[in-house]
Amino acid sequence: MKKFIHDFEVTLNDKISNDCFVLYLKCPVSLPTILPGQFAEILVGNSSEAYLRRPFSIYDVDYQKNELSLLIKEVGKGTLALSKLKIGETLNLVYPLGNSFSIPPGNKALLVGGGVGIAPMLLLSKVLNEKGKQPDVLIGGRSKNDILEPEKYTVYGNLFVTTDDGSMGEKGMVTQHSVFAEKISEYSQIYACGPDPMMKAVAKVAASQNIPCEISLENTMACGIGACLCCVVETVDGNKTTCIEGPVFNTKKLIL
Ligand SMILES: Cc1cc2nc3c(=O)[nH]c(=O)nc-3n(C[C@H](O)[C@H](O)[C@H](O)COP(=O)(O)OP(=O)(O)OC[C@H]3O[C@@H](n4cnc5c(N)ncnc54)[C@H](O)[C@@H]3O)c2cc1C
Ligand code: FES
């Protein structure tokens with residue numbers, strides 16, 4: 001798939017929680033098709049300490065407005081600089097990078113996201129909905145503050161929530177949600193993105209039910225173009241780069 005490099009204009013920098021924000025970015029030319037699970041490498045301007053591009057999943061795409069958005073958690077110097085961007089400033093993106101989630105054969109799919117790991121699930125739920133599928137979205141977090149923009153998912157499917165402290169939805173981890181106990185056999189595919197232990201737990205349940213499962217890995221990246229090999233992951237078919245051959249992998253192929 002062809003890659004592009006463009007200076008996008010910030011049309012909105014929306015702070016949605018203590019440490020998370022959504023950047024809305026307008027493309028100077030017509031946006032190419034962007035598939036769910038793909039990501040962009042962002043040049044964080046004026047930051048000598050963040051000279052390597054930073055990878056972020058494409059959160060949503062609005063082809064009519066010619067905009068895409070990114071859901072970002074502030075964790076270090078690069079994301080702090082991004083959190084301060086103002087309307088009208090520009091941001092250089094290399095995109096769309098990586099592979100994408102597959103479309104399931106059956107009608108019902110379960111999309112599981114933990115914290116900011118939910119980012120690629122919004123575009124996936126939208127695309128599944130457009131293809132006539134029924135996405136159930138399960139979001140997990142430590143507390144309700146980690147459940148980011150839940151209303152956006154209800155446009156495309158059913159929403160379920162778990163929190164560790166019970167402040168929103170069911171109390172406990174995502175795999176303890178009643179969706180897993182009561183509805184799991186309805187799904188023809190499961191997708192997950194978030195902390196490693198969460199993705200491993202989801203993959204384990206999927207394997208036990210013989211349901212195909214795809215996860216999106218967020219390995220640390222440097223070049224983003226397959227050259228430095230710092231994002232390599234072990235699979236049953238040998239080592240694969242997360243930036244080129246991922247970030248989406250079928251869990252049957254991964255050595256977890
Ligand atoms: C394919 C892909 C998609 C991603 N999508 C998103 C997204 O949609 N939203 C989002 O907020 N983040 C996403 N990330 C993680 C994001 O790239 C990092 O949080 C970001 O690069 C940190 O930059 P920084 O300069 O602020 O942090 P740094 O100053 O470089 O590091 C600060 C802290 O963040 C940790 N960190 C750095 N890189 C990562 C990483 N890749 N994953 C987890 N922790 C990291 C470091 O270990 C360190 O503890 C994604 C990563 C990948 C590989
Ligand atoms: S980030 Fe360099 S090979 Fe993937």
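Each ligand, and each atom within it, is numbered from 1 in the order the structure gives. Position 1 is the first residue of the sequence; numbering continues from there.
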To check your reading of the model: name the closest protein heavy atom to atom 39 (C) of ligand 1, its residue, and the distance in Å. T220 OG1, 4.2 Å
Region of E218 that comes within reach of ligand 1 [heavy atoms, distance under 4.0 Å]: both
Measuring to protein heavy atoms, does anything land under 4.0 Å from atom 10 (C) of ligand 1? yes
Under 4.0 Å, heavy atoms only, figure out whether ligand 1 is touched by the backbone of V116, its side chain, both or neither. side chain
Specify whether F8 and Y95 have parallel, tilted or perpendicular ring planes, treating 30° as the upper limit for parallel and 60° as the lower limit for perpendicular. perpendicular
Metal environment of atom 4 (Fe) of ligand 2, protein N/O/S under 2.8 Å: C231 SG, C243 SG
Looking only at protein heavy atoms, which one is nearest to atom 17 (O) of ligand 1, and how far off is it? P55 O, 2.6 Å
For a 4.5 angstrom cut-off between non-hydrogen side-chain atoms, does L91 reach L23? yes
Residue pair F21 / N13: nearest heavy atoms and the distance that separates them: CD1-OD1, 3.4 Å
Please check atom 33 (C) of ligand 1 for a protein heavy-atom neighbour under 4.0 Å. yes
So, for atom 50 (C) of ligand 1, does the protein have a heavy atom nearer than 4.0 Å? yes
With a 4.5 Å heavy-atom cut-off, do V248 and Q38 have their side chains touching? no
Which of the ligand 1 atoms, numbered from 1, are nearer than 4.0 Å to a heavy atom of I72: 11 (O)
Under 4.0 Å and counting heavy atoms only, is there anything from the protein next to atom 45 (C) of ligand 1? no
Ligand 1 contact on N219 by region, counting heavy-atom pairs under 4.0 Å: backbone
Can you find a protein heavy atom closer to atom 37 (C) of ligand 1 than 4.0 Å? no
Would you mind telling me if ligand 1 is within reach of the side chain of A119, the backbone, both or neither, using heavy atoms under 4.0 Å? side chain
Protein heavy-atom partner closest to atom 3 (C) of ligand 1 - residue, atom, separation in Å: S57 OG, 3.5 Å
Is it the case that E214 and S102 place a side-chain donor and acceptor less than 3.5 Å from each other? yes
Verify, without hydrogens or angle tests, whether N66 (side chain) and L31 (backbone) share a donor-acceptor contact under 3.5 angstrom. yes
Please tell me whether S167 and D165 have a donor and an acceptor in their side chains that are separated by less than 3.5 angstrom. yes
Closest approach of Y153 to Y59 (non-hydrogen atoms, all atoms of both residues): OH-CE1, 3.7 Å
Centroid-to-centroid, F101 to F249, below 6.0 Å? no
Polar-atom distance check: G76 versus ligand 1, any N or O pair below 3.5 Å? yes
Of all the atoms in ligand 1, which lie at a distance below 4.0 Å from a heavy atom belonging to V75? 19 (O), 22 (C), 26 (O), 27 (O), 32 (C), 33 (C), 34 (O)
Closer than 4.0 Å: a protein non-hydrogen atom to atom 21 (O) of ligand 1: yes
Between Q209 and S185, do the side chains contain a donor N or O and an acceptor N or O under 3.5 Å apart? no
Do any nitrogen or oxygen atoms of L71 lie less than 3.5 angstrom from nitrogen or oxygen atoms of ligand 1? yes
Side chain K133, main chain G106, donor-acceptor under 3.5 Å: yes
min-distance protein heavy atom vs atom 26 (O) of ligand 1 -> T79 OG1, 2.5 Å
Would you indicate which of E41, R54, K77 comes nearest to atom 30 (O) of ligand 1 when only heavy atoms are counted? R54
Would you say the side-chain atoms of E170 and S178 include a donor-acceptor pair closer than 3.5 Å? yes
Would a distance-only check, ignoring hydrogens and angles, find a side-chain to backbone donor-acceptor pair under 3.5 Å from T235 to L254? no
Is it true that the side chains of Y187 and D136 contain a donor and an acceptor less than 3.5 Å apart? yes
Nearest heavy-atom pair of C230 and A222: which atoms, and what distance? SG-N, 3.4 Å
